[in-house]
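Since this is a predicted model, take the numbers as computed values, not measurements. Chain identifiers are assigned alphabetically (A, B, ...) following the order of the sequence lines, protein sequences preceding nucleic acid strands; residue numbering begins at 1 within each chain.
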Amino acid sequence: MFRQAEALTKAKPTNSVSPVPTRTYHQKTLSVPNEFSFHECLKFLARSEKEKMHVIKAERVRKLVKFDDGPVLFELSHPTKTAIQICFLNQPVSRAAIAAVSEYVNDWFDLETDLAPFYQLTETDQLLKNLTTRYYGLRLIKIPDLFEALCWAILGQQINVAFAYTLKQRFVENFGESFTFDGEIYWLFPTPEVVAELQLADLLRLQFNRQKAEYIIGLARVMRNGEVSKQDLLELNSIVAAREALMKIRGVGPWTASYVLMRCLGFRSAFPIEDIGLHNALQRQLNWTRKPTIAEIKSLSAGWNGWQAYATFYLYRSLL
DNA sequence: ATCCAGGAGTCCG
DNA sequence: CGGACTCATGGA
């Protein structure tokens, strides 16, 4: 395949415009599972204009990730029903980077999960059936980076999601690394190493409250120190043990732990039952005039064993 | 204006 | 262990 070098440019305060590339990029095709809708996945990813961790245009999504070799920018498209195409926009790209991105996309879109049992389950659950019919093929979109997932959950504690996105945007644009390509800026989430060195005031001026500022800097420090890592949590091979380990982190309570088990660590029985968004979605689906109680949700979800995370995610989707 | 938001830590009995 | 209180600011 024809390749030509195309460098990512570290973003400078002044916008530099790159020429529009007319190159042939290295590509790789991933086969997709049954019960898959690229469109539905992008719909979820596009839920906020303030989301700076990817860029969506015309049924394509671009994302910058960083591996040991350095940053890699890729674009996903869906040329046929049975495949996702990964296009590597910065070249040359190493064999290792291609493998790493393939693995990343597999995780990000949760392509390994066979949804057939979940859809089967919804046949006897009218509430879920409505959602799986409406959003057929939606995958549980992950937040593969543990630090990002935990920060996002902490940011979302006790404030509305719109404002959480505002705080996330400020956090990313102030402390994340960015690169430009083809005139567009792509961001990496701030790293624990950088955030661990911040002072409270650095976050307070972004309108974080004192709690969020303390929680996020404290989290960054324990992760930088290697006291918490995604790999270690996964190697526990136990949702109960992983949940306990997460809840030892200051600022990580039951909701945050469950949220991260669901959005990052891939536990399909994770269930953030305290989640206000979940409550609101259930209220709407049930057409009730009040929110369901925890006891009522436990009753409603009695048949969701093993699929609580997917049920929750489809309920989130219903709020968009 | 008023209430609420994809909670968590602390204190108190 | 369970309940009340506090944090704090934008959105609707």
Colleague: Determine which pairs satisfy salt bridge (Lys or Arg N to Asp or Glu O under 4.0 Å) with at least one residue from residues 244-255 of chain A, sequence neighbours left out, and list them in order.
Modeller: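 Residue pairs with at least one partner in residues 244-255 of chain A: A/Glu214-A/Arg250.
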Colleague: With a cut-off of less than 4.0 Å, is there a side-chain N or O of A/Lys291 near OP1 or OP2 of B/dA5?
Modeller: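 True: A/Lys291 side-chain N/O within range (under 4.0 Å) of B/dA5 OP1/OP2.
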Colleague: Is a salt bridge present between A/Lys142 and A/Glu148, judged by a nitrogen-to-oxygen distance below 4.0 Å?
Modeller: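 Looking at A/Glu148 together with A/Lys142, the answer is no, because their closest N to O distance does not fall below 4.0 Å.
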Colleague: Under the ring pair (Phe, Tyr, Trp, His ring centres under 6.0 Å) definition, can you give me all pairs with a residue in residues 203-223 of chain A, not counting sequence neighbours?
Modeller: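 Pairs touching residues 203-223 of chain A that pass the test: A/Phe171-A/Phe208.
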Colleague: Among A/Leu188, A/Leu64, A/Ile185, find the one that has a side chain to side chain contact (heavy atoms under 4.5 Å, CB included) with A/Ser178.
Modeller: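 Testing each of A/Leu188, A/Leu64, A/Ile185 against A/Ser178, the sole residue satisfying side chain to side chain contact (heavy atoms under 4.5 Å, CB included) is A/Ile185.
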Colleague: For A/Lys248 and B/dG9, give me the distance from atom NZ to atom C1', rounded to whole Å.
Modeller: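 So the NZ-C1' distance, A/Lys248 to B/dG9, works out to 18 Å.
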Colleague: Do NZ/NE/NH1/NH2 and the carboxylate oxygens of A/Glu177 and A/Lys66 come within less than 4.0 Å?
Modeller: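 Answer for the salt bridge query: yes.
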Colleague: Need one value for A/Leu278: base, sugar-phosphate or nothing, where a base atom within 4.0 Å counts as base even if backbone is also close, heavy atoms only.
Modeller: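 The residue A/Leu278 makes no contact with any strand.
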Colleague: With a strict under 4.0 Å distance from non-hydrogen atoms of chain A, what nucleotide opens and what nucleotide closes the contacted stretch of DNA chain C, reading 5' to 3'?
Modeller: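 Terminal contacting nucleotides, 5' to 3': C/dC7 to C/dG11.
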Colleague: Counting only heavy atoms and a strict 4.0 angstrom limit, can you tell me which residues of residues 203-215 of chain A come near DNA chain C?
Modeller: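 Those residues whose heavy atoms fall under 4.0 Å from DNA chain C, taken from residues 203-215 of chain A in numerical order, are A/Gln207, A/Asn209, A/Arg210, A/Gln211.
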Colleague: By nearest nucleotide on DNA chain B, pick out whichever of A/Met247 and A/Ile159 is the more 5' one.
Modeller: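 Its nearest nucleotide being more 5', the pick is A/Ile159.
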Colleague: So does A/Glu227 pair up with A/Arg221, basic N to acidic O under 4.0 Å?
Modeller: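 Looking at A/Glu227 and A/Arg221, the cut-off is not met.
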Colleague: Mind listing the residues from residues 256-273 of chain A sitting with a heavy atom below 4.0 Å of DNA chain C? Number order is fine.
Modeller: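 DNA chain C contact set from residues 256-273 of chain A: none.
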Colleague: If each of A/Gly251 and A/Asp275 is mapped to the nucleotide of DNA chain B with the nearest heavy atom, which maps nearer the 5' terminus, i.e. the 5' end?
Modeller: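 Result: A/Asp275.
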Colleague: In plain terms, say whether A/Glu193 and A/Arg224 are close enough for a salt bridge, that is, a side-chain N and a carboxylate O under 4.0 Å apart.
Modeller: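 The answer is no: the pair does not qualify as a salt bridge.
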Colleague: Quote, to the nearest angstrom, the P distance that separates C/dA8 from B/dT2.
Modeller: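 Nearest-Å result for C/dA8 against B/dT2 at atom P: 23 Å.
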Colleague: Could you state the atom-to-atom distance from OH of A/Tyr165 to P of B/dA5 in whole Å?
Modeller: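 A/Tyr165 atom OH is separated from B/dA5 atom P by 18 Å.
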Colleague: On the side chain of A/Gln158, is there an atom forming a donor-acceptor pair with the base of B/dA5 - under 3.5 Å, no angle test?
Modeller: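 Side chain to base: pair found, below 3.5 Å.
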Colleague: Run the side chain to side chain contact (heavy atoms under 4.5 Å, CB included) test against A/Ala270 and tell me which residues pass, sequence neighbours left out.
Modeller: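 Listed in chain order: A/Ile239, A/Leu261, A/Met262, A/Phe267.
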